[in-house]
Chemist: 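One structure coming up, written as structure tokens, with questions to follow.
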Protein chains: 2
Amino acid sequence: MPPKTAPNPASTATPPATGTVRLVKKRRPQQRQLILDEAARLFKERGFGSSSMRDLGARVGLDAASMYNHIKSKDEILEIICFQVSDTYIAQLTEVEQMEATYLEKITELLRRHVRLMTKDGAAVSVANNEWKALTEPRLTEFKQARKRYEKGFAALIEQGIAAGELQAVNVSVALFTLLSAVRWVELWYRPGRNLSAADLEADLLTMLLDGLKKPTA
Amino acid sequence: MPPKTAPNPASTATPPATGTVRLVKKRRPQQRQLILDEAARLFKERGFGSSSMRDLGARVGLDAASMYNHIKSKDEILEIICFQVSDTYIAQLTEVEQMEATYLEKITELLRRHVRLMTKDGAAVSVANNEWKALTEPRLTEFKQARKRYEKGFAALIEQGIAAGELQAVNVSVALFTLLSAVRWVELWYRPGRNLSAADLEADLLTMLLDGLKKPTA
DNA sequence: AATAAACACAAACAAATGTTTGTTTAGGCT
DNA sequence: AGCCTAAACAAACATTTGTTTGTGTTTATT
């Protein structure tokens with residue numbers, strides 16, 4: 001005899017396309033991604049340690065136990081989110097490094113992509129930036145190395161930009177972290193459908209960072 | 001009969017001043033502050049949700065239960081840390097607002113104090129910035145309001161600075177959050193005794209933010 | 001229609017959580 | 001010396017934690 005609440009045919013969270021409308025797709029390959037997406041949002045809101053699998057299950061519309069058909073562990077979820085983001089960052093750096101352009105242009109382009117990833121995948125980026133400390137040990141070190149790789153590459157662009165006379169001779173570390181941090185408020189602040197468009201945001205942000213806030217004394 | 005590990009006369013973490021050297025001070029009034037300081041460090045490292053009272057107790061050199069003689073709850077610890085920081089920020093804003101100076105000077109001074117608080121109380125500032133979401137409800141709203149008050153005040157300085165012709169006419173929100181975020185890497189990066197002094201850091205940071213990174217096209 | 005795989009749930013698990021209780025010890029006071 | 005209170009610990013508490021197991025249901029494929 002079935003229990004009082006009827007078992008969930010295809011998760012109450014998914015559209016009520018009851019069988020016939022199903023496309024040629026496999027089974028429900030979107031369930032895993034749904035879990036990951038919702039986890040990113042939850043972890044961003046509450047932090048990894050303060051988020052329980054039951055909380056997550058409730059959001060996904062699944063019993064906590066059911067999610068283990070799609071993911072291996074809570075830790076694995078965090079790993080996937082963090083490395084998906086860091087891999088993207090590294091890829092962007094590598095691409096920009098190989099561009100034919102001035103250092104100032106390269107830096108601008110890297111920042112631009114940085115911001116774009118944030119406006120597109122805000123929750124995941126936020127988790128990768130703030131919750132990576134909760135990674136468990138083999139992966140924790142890997143993540144730190146990826147981070148370092150990105151920072152070194154970015155710092156090299158700044159250093160060369162200064163050497164080439166394109167940039168002011170500030171301390172390279174200060175410049176690096178100022179740029180990287182300055183860009184991070186986007187993840188806290190940006191919401192699609194604000195009165196400021198993503199494009200305007202990019203423009204103003206780059207103006208501030210590269211041209212400075214103070215009016216040039218004409 | 002005492003248990004195998006002798007009970008802790010004045011906490012093994014405190015210096016072994018065994019009785020006679022005690023000053024005229026009350027009893028052990030520093031235990032509470034020790035707990036709060038260590039909590040700030042722990043919460044910064046591991047996050048509030050991933051830090052247990054037993055972890056904290058181990059660091060302080062106290063049984064978890066013993067700490068309840070000094071604090072009311074784990075939540076209270078977070079509250080104290082967060083509001084001590086936000087109160088300081090608000091106080092600094094109020095002081096700077098009342099200074100006789102140009103808007104650019106006021107902004108510079110506010111940033112300077114901001115950075116100084118970070119280099120002095122890094123752990124607490126970090127917790128207030130990153131773990132405040134874990135505050136429970138009456139205080140959570142209060143904290144958000146304090147935050148908003150600070151942001152509004154800061155934004156007003158920028159707005160007036162632009163109106164007075166001292167600053168470039170960028171979007172005020174973008175400028176505000178860029179400045180506030182740019183300053184936050186200090187909490188992640190600064191450690192006393194690095195090759196970069198706090199003073200040099202301040203100088204380079206302000207140069208970058210106010211004068212920009214790009215070399216003025218002479 | 002039958003079969004096998006995918007998947008959802010209920011129930012349970014051990015371990016870890018924040019906190020309370022009861023008791024003992026330590027140190028300053030008269 | 002003797003008291004009183006602050007403060008430490010041990011033991012236990014009720015939950016909540018992440019995860020496993022067993023069982024049933026759904027779905028794609030034959």
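Everything numeric here is computed off the predicted structure, so don't read it as measured data. Here is how names work: the chains are called A, B, and so on, in the same order as the sequence lines, proteins then strands, and each is numbered from 1.
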Chemist: Decide, yes or no, whether a salt bridge links B:Arg41 with B:Glu38 under the criterion of side-chain N to carboxylate O below 4.0 Å.
Modeler: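 Counted as a salt bridge, because a side-chain N and a carboxylate O are separated by less than 4.0 Å.
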Chemist: Given the structure, check if the side chain of B:Asn69 and the base of D:dA6 hold any donor-acceptor pair shorter than 3.5 Å.
Modeler: no
Chemist: Want to know the stems of DNA chain D: at least 3 consecutive Watson-Crick or G-U pairs with distances under 3.5 Å, which are they?
Modeler: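 Only these stems qualify: C:1-12 with D:19-30, C:14-28 with D:3-17.
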Chemist: May I ask you to verify if any side-chain N or O of B:His70 is less than 4.0 angstrom from the OP1 or OP2 atom of D:dA6?
Modeler: no
Chemist: Atom CD1 of B:Ile71 to atom P of C:dT20: distance rounded to whole Å?
Modeler: 10 Å
Chemist: Side-chain atoms of residues 87-94 of chain B: list all donor-acceptor pairs with protein atoms under 3.5 Å, sequence neighbours left out, distances to 0.1 Å.
Modeler:
| from | atom 1 | to | atom 2 | distance (Å) |
| --- | --- | --- | --- | --- |
| B:Thr88 | OG1 | B:Gln84 | O | 2.8 |
| B:Tyr89 | OH | B:His114 | NE2 | 3.3 |
| B:Thr94 | OG1 | B:Ile90 | O | 2.9 |
| B:Thr94 | OG1 | B:Arg149 | NH2 | 3.4 |

Chemist: Output the rounded distance in Å from CG (B:Asp75) to P (C:dT19).
Modeler: 6 Å
Chemist: Give a yes/no on whether any side-chain N or O of A:Gln31 is located under 4.0 angstrom from OP1 or OP2 of C:dA8.
Modeler: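 Yes, such a contact exists.
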Chemist: Are there more than 12 heavy atoms of other residues, nucleotides or ligands under 6.0 Å from atom CZ of B:Arg113?
Modeler: yes
Chemist: Can you check the B:Lys74 NZ to D:dT17 P distance for me, whole Å?
Modeler: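 Computing the B:Lys74:NZ to D:dT17:P distance gives 12 Å.
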Chemist: State plainly whether the residues A:Glu45 and A:Arg59 are in salt-bridge range, i.e. N to O under 4.0 Å.
Modeler: yes
Chemist: Are B:Met53 and B:Tyr68 packed together at the side-chain level, in the sense that at least one heavy-atom pair is separated by less than 4.5 angstrom?
Modeler: yes
Chemist: Going by atom types alone, do B:Glu187 and B:Asn130 pair a side-chain donor with an acceptor below 3.5 Å?
Modeler: yes
Chemist: By nearest atom, which of the nucleotides D:dT19, C:dA8, C:dG18 is closest to the A:Leu62 side chain?
Modeler: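 Looking only at heavy atoms from C-beta outward on A:Leu62, the closest nucleotide is C:dA8.
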Chemist: Just how far, in rounded Å, is P of C:dA8 from CG of A:Leu34?
Modeler: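 The distance from CG of A:Leu34 to P of C:dA8 comes to 11 Å, rounded to the nearest Å.
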Chemist: Is any side-chain heavy atom of A:Lys120 closer than 4.5 Å to one of A:Val125?
Modeler: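 Not in contact.
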Chemist: Counting any heavy atom closer than 4.0 Å, what does B:Ser66 reach on the DNA or RNA strands: base, sugar-phosphate only, or nothing?
Modeler: base
Chemist: Please determine, for the side chain of A:Asp63, which listed nucleotide (C:dA10, D:dT19, C:dG18) has the closest atom?
Modeler: C:dA10
Chemist: Distance check needed: C:dG18 C1' versus B:Phe48 CZ, whole Å only.
Modeler: 10 Å
Chemist: Want to settle it: does A:Ala64 or B:Ala64 sit nearer the 5' end of DNA chain D, counting the closest nucleotide to each?
Modeler: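 Residue closer to the 5' terminus by nearest nucleotide: B:Ala64.
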Chemist: Measure from CD on B:Glu76 to P on C:dT19 and round the result to the nearest Å.
Modeler: 10 Å
Chemist: Base, sugar-phosphate, or nothing for A:Ser51, non-hydrogen atoms under 4.0 angstrom?
Modeler: sugar-phosphate
Chemist: How many whole angstroms separate atom CG of B:Leu56 from atom C1' of C:dG18?
Modeler: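 Distance, rounded to whole Å: 12 Å.
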Chemist: Between A:Arg32 (CZ) and C:dC7 (C1'), how many Å, whole number?
Modeler: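 Distance check: A:Arg32 CZ to C:dC7 C1' gives 15 Å.
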Chemist: Distance under 6.0 Å and angle within 45° of the ring axis: does B:Lys74 meet both against B:Phe48?
Modeler: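 Ring-cation test returns yes.
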Chemist: Between A:Ala65 and B:Lys72, name the one whose nearest nucleotide on DNA chain C is closer to the 5' end.
Modeler: A:Ala65
Chemist: Please pick, from C:dT17, C:dT19, D:dT20, the nucleotide with the shortest atom-to-atom distance to any side-chain atom of A:Tyr68.
Modeler: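 Minimum distance to the A:Tyr68 side chain belongs to D:dT20.
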